[in-house]
Structures are given as C-alpha cells and as structure tokens.
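Note sheet for the following structure.
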There are 2 protein chains.
Amino acid sequence: MGSSLPTMEDVANRAGVSRALVSLVMRDSPKVSDGSRAAVLAAASAIGYRPNLIARNLASHRTMTIGVFLDDLHNPYYAEIADGLLATAYGHGYHTLITTGRRHPNEQQRAIETLFGMQTDGLILLSPRFPLTIIESLAVNLPVVAVAEPLKSDHIDTVSNDERVGARLIIDHLVGLGHRRILHIDGGEGPAATMRLRAFRRVMKMHGLDPGPRISAEEFTEAGGERATDRLLKSAEPMPSAIFAANDLIAAGVLDRLDDTKIRVPRDLSLVGYDNTALATMRRMSLTTIDQQRVAIGSLAVETLIDRITTGRPAGQHHVLAPSLVVRKTTAAPRSK
Amino acid sequence: MGSSLPTMEDVANRAGVSRALVSLVMRDSPKVSDGSRAAVLAAASAIGYRPNLIARNLASHRTMTIGVFLDDLHNPYYAEIADGLLATAYGHGYHTLITTGRRHPNEQQRAIETLFGMQTDGLILLSPRFPLTIIESLAVNLPVVAVAEPLKSDHIDTVSNDERVGARLIIDHLVGLGHRRILHIDGGEGPAATMRLRAFRRVMKMHGLDPGPRISAEEFTEAGGERATDRLLKSAEPMPSAIFAANDLIAAGVLDRLDDTKIRVPRDLSLVGYDNTALATMRRMSLTTIDQQRVAIGSLAVETLIDRITTGRPAGQHHVLAPSLVVRKTTAAPRSK
DNA sequence: CTGAAAGCGCTTACAG
DNA sequence: CTGAAAGCGCTTACAG
C-alpha cells in the first residue's frame, strides 16, 4: 500500500517543476518565489502528497522529533507533565512521539527501542521503571533527559521534583499540628518511590522522630493503597496518627479502605497525598497534598533536551524544582493530645 | 550525532561476515546457523549496534508499527483502551507510537501527520476531535481504524460502544426507580458527545418522556460538569429528578458542585455517570455508571487494523460492543413520589 | 530556479 | 552463507 503513495517526483511532474524545487518548498525554504511555492503546494494537495518523514530523516540525519517514554498512562501525574512537554515541543517545531511500557519491564525496554529505532533527535524518559544505567550507553549517542533522580552521569540530563522539600513541607505541617507517629506508605521499588521514601526518613530523623516500619503500597495505585491499609489494620503495630502516602492515588486507596472502618479522617487519622491531582481537589476527597510543578517539569525537560540537541553540550544538567503544600481537609490536630 | 552510530557494515566487519548475513540475523531469519547468529549478535552488542528502523522501513515498505492517536491524556478512559490496544499490538509483534493533540484541533492534525509521516503501517484514532471525512483521503492509502461512530465509508473501520444500549440501560434503570424528569448533561461538540446525546433523546422518546432542554458540559471534564451544574442551578427550569452525565468526570464535577448546596445525592437527585472509571468505584463517590468494554475495544481495534494491513480487505468493518450498567449509590427512587 | 550526482542505512532478489 | 547491484524517498551540495 505504501508504495502507491505519491512522492516528490509526482508533485514535481504535476507542477511542471524540478524535484529540487519541491524539496525546497516542503522544507519551507525562503529562497522560493511566492508563485512557485503556490504552484507546488497546489500540486501537492491535488494529488494528496505528504512528505515521507522517514526518508527525510534518513537523508538529513535529523527528525525534528522528540521521543517521550512514559511509565503509565493511568497515572494522571504524567498527563500533566506531558501537557507542558507537548506544548513546549510543539512551540519549538518538534514532533512528539510517545511510547509506554504499561509498567512491564520488557515492554518498557521495547518501547524505548522503538523510539531509538525511529531515530528521534532526543529522548525524554518519564519515571522509567529500570535503572538509568541501562540507558547510559544509549545516551552517549543520543541526548536523553530523564524526569528522575539526578545522576552523576554527564550523558543524561535530569529534571526532578525536590523530594527533600516535599517531605519537609509535609512533616513540618504534621508536626506543627502535633503529630509524632507519622507513617509513610511508599510506592514500591521504582526509583521515584525510593527517592521519596529516603526523603521521608531523612526529614523524620531531622525532627528526631522514628520513621517506623516500612509499609509499601508496592505501586502508585489506589489498589496498592488499599492493600497497604489492609496490612496496616491487621498488624500488631500501634496505628500512626498521620499517614504520608506516596501519591494521591495511594492516598485515595487509603481513604477508601478507611471509609469501610470506624476510623475517620482527619478526626482519628490525618492523611497527606502527593501530586495535587484532580481527585485531591474534589470536595469529597479534599486531600491535603503536595503540588509538584508538573507543567514546568515537562517544559524544562524539553528545553533542556533541545539545548543538548542543538549545542551538543557535553556536561550534564540537573534541574530540581521545589514543590508546594496544599492544605485541605484531611489533616488536623491528632485526637488524643 | 546520528551519523556516528554503528551500522550493519560495522557489525559485519567486526564479526568478519557479510552485511547480508547481519541483515538476516537482525530480521530473525531461520536460514542462519546458530553459530553465525551468535557471532553476529555478539559483535552487535559489543559495538552497541541497534537496527535503524527508519532505514529498514524505507527499504522494506513495512514498519511493523501502529500509530495511535488519542484525544486527551487526562481522560482515564483512554488509558484503559490503550491497555488492550498496546497489549494486543505487542502480542502481534507490532511497535506502537502514540501521539495526542491535547484537545487542540491544530495540534491534533499535526499529531496525525506525524504518525503518517513516520510511515506507520496503520492508524488507530481514539475519539478524534474532527470529522472523520478529513481523514478519509488518507485512509485510501493507509489502513485506519477509528474508535468512533460507524461510518458509511469502506475505507475506515470502526469499533465503538453501543450508545443506544448504554442510554437504554440508564433510562430503564431510572424509569424503573420512578424517575421521569431525566436530564442529560452532554459532553459538547465532539463526535462521541453528539452520539451519546442523540441516543439519550431517542430512548427518552421511546419511553414517551421529554428530553428537556440541552445542558452541555462542553467537554468531558470535571470543570465542565461543575459549570453545567452552575447553569442548571441558576436557570428557571424546574430541577430534574435525575441526571445522566456524559461521563464520570462530568458526573464528578456535578457531584462536587452539588456538595456545595443542600441538594443531596441520591436523596434529592439521582446521578449516573459513564465509563466506570476508578473514580466511580471509590466509596466516597460510589457512582452508578456505564461500563464500556474498554479493553476489548482496544484489542478489537488492533485486530481489525492488522487484518486490514495483512489482507488488504477492501470492505469496511464496523464493530459495536454492548456496555453494561453498574448500579452503585448515586441512584435511588425520587423523593416526592 | 534547474539538473545531475552522491548518499543516508537498510532490504530485496539473485547468482554463486 | 557471500557479494554485488538496485532501490526506498528524500537531502545536500554544487555547477549552471
């Protein structure tokens, strides 16, 4: 089927001009007279010609395309980052191609290979579920920006949320209300989750507080939050007076599970989420949460990538953006105090 | 940068074999001895060679890639369809490339051009925000499956939810509870919204009920649902006893806005959503809603596309999948009855 | 603006 | 398995 598509040759024939002229017009060259341009464009649209990008790319060694890998289409967090990212790429005249691995390591590898094989000019990785070191050999030949923890590598640029600030905002807020038994429900084994857990532990220690046992939701989902809450309720451990959930989805799972018990939020337990998703803003949830600069993270990732693509800058760049706290109705002073 | 990447030539030199052999190995040909295969693979990984897919595609006229256009990354509805879609494509050995237009018509056009330019073997369009007739000329040369209302066209296959069944399930349920003043809050001008509105009106008439004035959320978002509710509350119209919102996000917006009034759901007003998203399942929402066969819609779209790609089938295929009703706690008998 | 040439990194088809 | 050739649809660089 593809072979029957019109080519530049066809456009040139129909317009009665050279193939070189058609090529200039398609690349928006300023050296073409308005009359010729109009004639070529008319011929092109008459026969339904559209440039074959892969042929162009093969010849020019540029694709003007940014590949975006994203961990999970289900997490609204990525949608927001993607917003900033896509708008900025579009503004710079870049095409954007997205792939995802649906949280399966195999498919994630394949998704990135697809982007690589398509010869995108650069790659943006949103929270990949594998160590970045795997990607490093790739990054020697291809600009890569990861929305992930800063690396020592000069080959991969990073843009990330300041986890230390996030944890501090949450814990300061809870401690200010009088809480001391604060539990973190973490997001599992992924790099983002590990980073957040580490920040929590550090800040708790700074406050002279015991970070307590590890309770994990294993993934950034509602179901994970429910399961973790189940385990907590069944455990012999004393209940915490406040929970810092690794993201809003986990917090929603916690809330949902607690709604099935006699424990009331925030009367008996305070709860904080992370990401300030649409869910958190609803009156029925009114979740106290952390607002990451999601759109800015997306834009900055693109700016950083394009900078590396166009300048060939050899040194790594690592941007860290500070989040803010949004206090709603799931946090209050502990009951028995 | 791209020019410094290793090519087949480099692999052949290092392995001491011909370029043709390398090509056979990379395409997983069975005519290669195990020894040769191992040698080639070793050489490839030693120098970090990965096949240049765009060169392969240009030469072979196949990309083994399916392009997926999706309207809005924020709507969890698409994430679920994408799940079925990606898993099925992966199972058939196809790569998948996603683009989105963030609900802007210009960017949507560009997003589709990108996929087309990349010479994907076929396109799947998830609820495009423009008339499919624009795409028809494209579809003459390229297999296209749209998750959208069935067309008369033989060039575009469609897979869709049975809107008539959905509307009937909702209205039968509400009428069974005793409701007669049922209002639909529609999703705006897009094709999916129009289809759903039309189904609502038809089924209302079949019941001999008045579909009432048109109230639109203008988009499938929480904010749209809030605005529509605002307008409803301020209007002179008598309040309905039940609302059928065009999707769960709109329903959430309605609920959120009503939580700010003295109107209680379902005591004073019944509410039904559409899509059975994670939101609807939460105890605090417990939204009665319609469950589309999302994963099946995604899988079937891929199967239909691959069928057209491989057989060149000239006739259009139009699949319609019946949804089901999930009754939760936002619907009950009307109060004053 | 035209025209002819070389090349991008592969695949395809074929003779050996 | 090798080797040489042609071609995919473009871009690039150049002489005119």
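We name chains A, B, ... by the order of the sequence lines, and we start the count at 1 in each one.
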Discussion item. side-chain hydrogen bond (donor to acceptor under 3.5 Å, both in side chains), that's the test. Do A:Tyr78 and A:Ser127 meet it? Break it down for me.
Written reply: CA-CA 9 Å; A:Tyr78 298 110; A:Ser127 312; 3.3 Å; yes
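Two residues are said to be in side-chain contact when any heavy atoms from C-beta on lie closer than 4.5 Å; B:Arg14 and B:Ile47 meet this criterion. Contact annotation: the side chain of A:Thr114 never approaches that of B:Thr96 to less than 4.5 Å [non-hydrogen atoms, C-beta and beyond].
Considering only the side chain of A:Leu21, C:dT2 comes nearest among D:dC10, D:dT11, C:dT2. Listed candidates were C:dC8, D:dT12, D:dG9. Nearest to the side chain of A:Ser23 is D:dT12. Minimum atom distance to the side chain of A:His61 is reached by C:dG9, of the listed D:dC10, D:dT2, C:dG9.
Of all non-hydrogen atoms in A:Ala39 and A:Ala15, the two that sit nearest each other are O-CB, 4.1 Å. Across all non-hydrogen atoms, the minimal contact from B:Met26 to B:Arg56 is O-NH2, 3.7 Å. When every heavy atom of B:Ala146 is checked against every heavy atom of B:Leu132, the shortest pair comes out as CB-CD1, 3.9 Å. Nearest heavy atoms, A:Ser160 versus A:Pro150: OG-CD, 3.7 Å.
A donor-acceptor contact shorter than 3.5 Å is absent between the side chain of B:Ser29 and the backbone of B:Leu24. Looking only at distances, no side-chain donor or acceptor of A:Arg62 sits under 3.5 Å from a matching main-chain atom of A:Met64. Under the 3.5 Å distance criterion, the side-chain polar atoms of B:Thr65 are matched with a main-chain donor or acceptor of B:Thr63. Side-chain atoms of B:Thr310 come within 3.5 Å of backbone N or O of B:Ile306 as a donor-acceptor pair.
Mapping B:Ala59 and A:Val22 onto DNA chain D via the closest heavy atom, the residue that lands nearer the 5' end is B:Ala59.
The nearest whole Å value for the distance from the NZ atom in B:Lys31 to the P atom in C:dC14 is 11 Å. Rounded to an integer number of Å, the gap from CG of A:Leu58 to P of C:dT11 is 12 Å. Between A:Leu5 atom CG and D:dG9 atom C1' there is a gap of 11 Å when expressed in whole angstrom units. For the pair B:Arg62 CZ and D:dG9 C1', the computed distance is 19 Å after rounding to whole Å. Separating the CG atom of A:Asn57 from the C1' atom of D:dT12 is a distance of 15 Å, rounded to the nearest angstrom. Rounded to an integer number of Å, the gap from A:Arg56 CZ to D:dT11 P is 5 Å. B:Leu24 has its CG atom 13 Å from the C1' atom of D:dG3, to the nearest Å. In this structure, the CE atom of B:Met118 is 14 Å from the C1' atom of D:dG9, given to the nearest Å.
Within residues 39-48 of chain B, no residue has any heavy atom closer than 4.0 Å to DNA chain D. Taking a 4.0 Å limit (strictly below) on heavy-atom distances, residues 9-18 of chain B reaches DNA chain D at B:Val17, B:Ser18.
Using a 4.0 Å cut-off, no side-chain N or O of B:Arg19 falls inside it from OP1 or OP2 of C:dG9.
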Worksheet item: If pairs are Watson-Crick or G-U with both distances under 3.5 Å, what is the dot-bracket string of DNA chain D, marking crossing pairs with [ ] and pairs to another strand with |?
Response: |||.||||||||.|||
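Between B:Asp83 and B:Arg294 there is no salt bridge, since no side-chain N of the basic residue sits under 4.0 Å from a carboxylate O of the acidic one.
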